[in-house]
Amino acid sequence: MLYDRTKEPLWRCLAERRHVRWTILAIITLVFAAILYPGLMVGEHAYQLGDVVERDIKAPVDFLIEDSEATSANRKAAEDSALTVYDYDTSIAASITGAVAGAFADMRARVEADRARAAEAS
């Protein structure tokens, strides 16, 4: 029962000092960053021929390794599959125009029929 009530708790004393709060915030931030992003702390590995790597290694540039035999075979297949003659159909414009005109005529007839029904009902 000899507890001295005049002394302030340590946490209250630290909370009043601004630099202590900023230091604690910085430490917590660094700890969370180290936990969440373990890939940030990567050392350089010196691999030798025959070593087994821990994870996939990405090349700094893209490499173009062309298989000339497969490329020429694919080009030949593409040439053979392409049509050499263009079929010009003179009647296609008239048939498309007729189909579009017919679609608009059907819609126009339906709208006029709806107007006629509405006029009869009123």
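Quick note: numbers below take in every heavy atom, side chains included, and nothing from hydrogens, waters or symmetry partners.
- Taking CD of Glu69 as the start and CG of Asn74 as the end, the distance is 12.0 Å to the nearest 0.5 Å.
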Cut-off 3.5 Å, no hydrogens considered: what does the side-chain donor-acceptor table look like for residues 103-112, sequence neighbours left out?
none

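- Cluster annotation: Trp22 and Leu30 are assigned to distinct hydrophobic clusters (Ile/Leu/Val/Met/Phe/Trp/Tyr, side-chain heavy-atom contacts under 4.5 Å, transitive).
- For Asp67, there are no salt bridge (Lys or Arg N to Asp or Glu O under 4.0 Å) partners two or more places apart in sequence or in a different chain.
- Taking each heavy atom of Ile92 and Ser95 in turn, the nearest pair found is O-OG, 2.9 Å.
- What you find for Leu25 and Thr29 is that their closest heavy atoms are O-OG1, 2.7 Å.
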